[in-house]
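Take a look at the structure set out below.
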Amino acid sequence: MNAHATTTKEGAAAPFYLPQRDEIEIFEAAARNDLPVLLKGPTGCGKTRFVSHMAARLGRKLYTVACHDDLSASDLIGRYLLKGGETVWVDGPLTRAVREGAICYLDEVVEARKDVTVVLHPLTDDRRILPIDRTGEELEAAPGFMLVASYNPGYQNILKTLKPSTRQRFLAMEFDFPPPEQEKTIVIEESGIDERRAAMLVRLAGKLRALKGQDLEEGVSTRLVVYAATLIAGGMALDRAIAAAMIEPLTDDADIKRGLADLVVAVLG
Ligand code: ADP
């Protein structure tokens, strides 16, 4: 077991998560008080890892749904399916979480179709109910049920944003890329790379993030820094790993790529 391991209620190790601030305490308080939580922040900064860590810590089952623009309320709630000539009702992930008292995590919730937010409203006030129109059921959430959603304010456009009437039903926490010392610890923990090269990758990530808004739409994520470190720890040459994990994913523009490659040379010395 590593130095950062946290033990779950059942004694198993929770996935490694290095807190940035007081997010663990806030999440625990939300869980105790049946309050829904919204996590805001750029992609790859640790939101999903945080939720799986918290679910394990609290000993609750986790249903994660990656939302996309075709995701509808029935994908979450459930539908009638034909099975061996019979029509049977099959619960969706949200319904299962409501019945079982689990955590339901809606990743990138703004991507989902508009009818999804309608379903969330009665679940996020003190009624905590999920009406299932198709079956006529009105489910009361089992103790332990918790709704968690995430979104990336950076991608926001006028069509894809959460309405105040929805967002004001959630406690909200802002996430960002961890400060260098913490990001280094994460990179070492996740990839097994040595401290010197981890520090160098984190320094490079900082420089690349400074280009956000000028040349790049989004800064390099902690996820990509971990990828680069994993490749390097596995024996790949530094420049190849950095190109594959920290440059190519950021842009398709040849000029910008050249500029980033120059930056890499400058940082690596
Ligand atoms: P998001 O959900 O914000 O897009 P993830 O939670 O999937 O991002 O994070 C991407 C990766 O970054 C994780 O798999 C993990 O390796 C690493 N990571 C980022 N932040 C942390 C953290 N605070 N503790 C541990 N790992 C982290």
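Every number for a ligand or one of its atoms is a count from 1 in the order of the listing.
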Joint hydrophobic cluster, V264 plus L231, side-chain heavy atoms closer than 4.5 Å: no
Under-4.0 Å salt bridge between R113 and D70: yes
Derivation and outcome, side chain to side chain contact (heavy atoms under 4.5 Å, CB included), residues K184 and I188: CA-CA 6 Å; K184 190 179 79 181; I188 294 172; 4.1 Å; yes
Where G46 and Y17 come nearest, the two heavy atoms and their spacing: O-CE1, 3.8 Å
Verdict with reasoning, S150 to D107, per side chain to side chain donor-acceptor pair (under 3.5 Å): CA-CA 5 Å; S150 76; D107 192 9; 2.7 Å; yes
Ligand 1 atoms in contact with K47 (distance to a heavy atom under 4.0 Å): 1 (P), 2 (O), 3 (O), 4 (O), 6 (O), 8 (O)
Shortest protein contact, atom 1 (P) of ligand 1 (heavy atom only): G44 N, 3.4 Å
Among I186, L224, N152, T64, closest by any non-hydrogen atom to atom 21 (C) of ligand 1: I186
Mode of F16 contact toward ligand 1 - side chain, backbone, both, neither (heavy atoms, under 4.0 Å): both
Distance from atom 13 (C) of ligand 1 to nearest protein heavy atom, with residue and atom: R49 NH2, 3.9 Å
Atoms of ligand 1 close to T48 [distance to a heavy atom under 4.0 angstrom, numbered from 1]: 1 (P), 2 (O), 6 (O), 7 (O)
Identity and distance of the protein heavy atom lying nearest atom 15 (C) of ligand 1: E190 OE1, 3.4 Å
Protein contact to atom 7 (O) of ligand 1 [nearest heavy atom, distance to 0.1 Å]: R223 NH2, 3.1 Å
P19, P178, G46: member with heavy atom nearest to atom 19 (C) of ligand 1: G46
Nearest protein heavy atom with distance in Å, relative to atom 23 (N) of ligand 1: L18 O, 2.8 Å
Pair R209 + E183: basic N to acidic O under 4.0 Å: yes
Y63 and E100: side chain donor to acceptor below 3.5 Å: yes
Heteroatom distance test (F50, ligand 1): nitrogen or oxygen, under 3.5 angstrom: no
Sub-4.0 Å atoms of ligand 1 with respect to non-hydrogen atoms of T43: 4 (O)
Side chains of R49 and H53, donor plus acceptor under 3.5 Å: no
